[in-house]
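Here the structure is laid out as structure tokens; the discussion comes afterwards.
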Amino acid sequence: MQRYFIDQNADVNQRFFITDQIDIHHITNVMRYQNDDQIIITFSDQKVYKCKIENITMDQIEIVLIEKMDINTELPQHVTICSGLIKADKYEWMIQKSTELGASQFIAVGMQRSVVKLNENKVIKKLERWQKIIKEAAEQSYRLIIPEIEYKSNLKEIYDIIDEYDYVLIAYEESAKCGEKSTFKAVVQKFEPGDRVLIIFGPEGGLSESEIKLFGSSAYQVGLGPRILRAETAPLYTLSAVSFQKDLLG
């Protein structure tokens with residue numbers, strides 16, 4: 001059964017309307033749903049309902065709630081993936097899979113060693129495309145939220161907001177090369193439900209020494225095992241490890 005999001009809170013006494021044109025196209029032209037067919041709707045308050053399609057027009061699809069579904073697919077922690085800009089196809093693949101693995105937010109950053117550069121004219125279009133990829137991945141993986149994505153031009157802008165997080169981790173290639181493998185495990189074990197976690201990853205060329213020094217003792221420098229991971233792979237490894245520790249082991 002296909003799943004869609006509605007940006008309203010659930011109310012059993014109210015009828016709802018899907019107005020997003022992309023969703024309407026998918027429901028009518030791709031899935032070819034008709035009146036009385038059922039879909040799953042996730043609401044802004046993270047409540048999930050099985051719903052029946054009441055009426056379909058070109059501008060909206062009217063639905064009525066049928067049955068509340070008891071679903072919890074979110075990581076216990078709010079994890080923000082902050083990564084340096086990398087080649088377009090790799091970055092899009094990373095945010096898609098990271099959404100499936102439970103990331104709550106993304107920050108794309110222009111770092112010193114980023115080969116990819118974004119000017120102001122490209123930022124808005126890129127963010128729109130990335131947000132569409134994230135939304136589709138959230139629907140596919142039965143997420144209760146659609147992660148947001150934003151762009152920062154440099155890591156200094158990230159340093160200025162680290163007080164918003166309970167934990168800040170930097171995946172540092174040099175730490176892995178030196179055999180460091182205990183810090184990441186120890187920090188993840190400290191995470192409590194509801195904690196806000198920021199994890200920073202470099203671009204293809206890695207983080208520069210000046211970028212690492214910028215955070216000083218404000219962040220944990222962690223190695224991600226003995227193997228050196230690609231820029232698009234490291235976030236997936238990290239989210240998988242957090243999920244294993246906090247979802248499966250509890």
Side-chain angles (χ1 to χ4, degrees), residues 1-10 16-34 37-53 56 60-61 63 65-83 86-108 125-151 197 199 201 230-244 246-248:
M1 195 176 299
Q2 287 293 309
R3 186 173 188 140
Y4 303 92
F5 287 88
I6 288 183
D7 191 18
Q8 298 180 56
N9 290 339
F16 292 91
F17 297 88
I18 297 173
T19 57
D20 184 287
Q21 288 301 311
I22 295 176
D23 288 342
I24 292 173
H25 171 77
H26 190 267
I27 290 169
T28 58
N29 298 323
V30 178
M31 300 306 300
R32 298 189 181 277
Y33 283 138
Q34 299 177 356
D37 285 337
Q38 295 183 1
I39 57 177
I40 296 173
I41 296 292
T42 301
F43 292 87
S44 295
D45 52 10
Q46 298 187 20
K47 293 179 181 177
V48 182
Y49 277 85
K50 186 182 296 183
C51 300
K52 183 179 71 172
I53 296 175
I56 299 175
Q60 63 185 24
I61 296 176
I63 60 172
L65 280 57
I66 295 177
E67 177 187 357
K68 189 175 187 297
M69 304 178 70
D70 186 17
I71 295 175
N72 182 12
T73 54
E74 296 302 308
L75 282 176
Q77 290 74 36
H78 181 287
V79 179
T80 297
I81 299 297
C82 171
S83 57
I86 57 177
K87 294 179 181 179
D89 58 336
K90 294 180 179 180
Y91 189 78
E92 291 175 0
W93 182 81
M94 186 275 287
I95 59 175
Q96 179 191 60
K97 300 309 175 187
S98 292
T99 299
E100 294 176 20
L101 288 168
S104 297
Q105 183 183 13
F106 297 95
I107 306 177
K125 287 186 177 180
K126 280 291 186 183
L127 288 174
E128 288 176 350
R129 176 170 173 78
W130 292 339
Q131 194 65 64
K132 180 177 182 291
I133 292 169
I134 291 167
K135 177 179 180 292
E136 291 173 351
E139 290 170 344
Q140 184 274 325
S141 56
Y142 273 40
R143 294 289 303 276
L144 299 182
I145 65 167
I146 302 174
E148 296 290 333
I149 187 166
E150 59 183 312
Y151 171 73
V197 181
I199 311 179
F201 302 88
R230 289 180 178 272
E232 69 271 23
T233 309
L236 309 187
Y237 175 96
T238 305
L239 287 165
S240 297
V242 173
S243 176
F244 178 77
K246 296 303 178 181
D247 280 334
L248 300 185

(request) Taking atom types as modelled, find out whether T99 and R143 have a side-chain donor-acceptor pair closer than 3.5 angstrom. (result) no

(message) Tell me every residue that passes ring pair (Phe, Tyr, Trp, His ring centres under 6.0 Å) with Y33, counting only those two or more places apart in sequence or in another chain.
(response) none

(message) Using every non-hydrogen atom in the two residues, find where E74 and D247 come nearest and quote the distance to one decimal.
(response) O-OD1, 4.3 Å

(request) May I ask you to test the N72-L144 pair for a side-chain heavy-atom distance under 4.5 Å? (result) yes

(request) Hey, could you give me the CG/CG distance between L101 and L236, rounded to the nearest 0.5 Å? (result) 6.0 Å

(message) Is the shortest side-chain heavy-atom distance between I6 and F17 below 4.5 Å?
(response) no

(message) How close do Q34 and I56 get, counting heavy atoms only, and between which atoms?
(response) CA-CD1, 3.9 Å

(message) Are the side chains of K50 and K68 in contact, using a 4.5 Å heavy-atom criterion?
(response) no

(message) Quick check for you: to the nearest 0.5 Å, what is the distance between K97 atom NZ and T233 atom OG1?
(response) 12.5 Å

(message) Under a plain distance cut-off of 3.5 Å, with no hydrogens placed, do S44 and D7 share a side-chain donor-acceptor pair?
(response) yes

(request) Report the residue from I18, I61, I41 that forms a side chain to side chain contact (heavy atoms under 4.5 Å, CB included) with C51. (result) I41

(message) Side chains of M94 and I81, heavy atoms from C-beta outward: is any pair under 4.5 Å?
(response) yes

(request) Please name the pair of heavy atoms, one in P147 and one in A103, separated by the smallest distance, quoted to 0.1 Å. (result) CG-O, 3.2 Å

(message) Is any side-chain heavy atom of R3 closer than 4.5 Å to one of T42?
(response) yes

(message) Centre-to-centre under 6.0 Å for Y91 and W130, is that the case here?
(response) yes

(request) Mind checking the CD-CG spacing from E232 to D89? Nearest 0.5 Å is all I need. (result) 8.5 Å

(request) Measure the CE-CE distance between M1 and M69 for me, rounded to the nearest 0.5 Å. (result) 7.0 Å

(message) I'd like to know if the side chain of D45 reaches the main chain of A10, judged simply by a donor and an acceptor atom lying under 3.5 Å from each other, with no hydrogens or angles considered.
(response) yes

(request) First locate atom CG of L239, then atom CZ of F244, and finally report the distance between them rounded to the nearest 0.5 Å. (result) 15.5 Å

(request) Locate the shortest heavy-atom distance separating D37 from R32; write the atom from each residue and the value. (result) OD2-O, 4.4 Å

(request) Identify the heavy atoms of A231 and P235 that sit nearest to each other, and give their distance. (result) O-CD, 3.2 Å

(request) Using a 4.5 Å cut-off on heavy atoms from C-beta on, say whether the side chain of I134 contacts that of Q96. (result) no

(message) According to side chain to side chain donor-acceptor pair (under 3.5 Å), does anything in residues 131-141 pair up with another residue at least two apart or in another chain? List the pairs.
(response) D23-K135, K132-E136, K135-E139

(request) Decide side-chain contact (heavy atoms from CB on, under 4.5 Å) for I39 and I63; before the verdict, give the C-alpha distance in whole Å, the side-chain angles of both, and the deciding distance to 0.1 Å. (result) CA-CA 9 Å; I39 57 177; I63 60 172; 4.2 Å; yes

(request) For the pair N29 (side chain) and H26 (backbone), establish whether a donor and an acceptor sit closer than 3.5 Å, ignoring hydrogens and angles. (result) no

(request) Might you point out which heavy atoms bring E92 and I95 nearest each other, and give the distance in Å? (result) O-CG1, 3.3 Å

(request) Could you grab the distance from atom SG of C82 to atom CZ of F201, nearest 0.5 Å is fine? (result) 9.0 Å

(request) Assess whether side-chain contact (heavy atoms from CB on, under 4.5 Å) is satisfied between K246 and L75, documenting all intermediate values. (result) CA-CA 8 Å; K246 296 303 178 181; L75 282 176; 5.5 Å; no

(request) Check whether any side-chain N or O of Q77 sits under 3.5 Å from a backbone N or O of V197 as a donor-acceptor pair, and report yes or no. (result) no

(message) Using side-chain heavy atoms (C-beta onward) and a distance below 4.5 Å, is Y4 in contact with I27?
(response) yes

(message) Quick check on the 6.0 Å ring-centre criterion: do F43 and F5 meet it?
(response) no

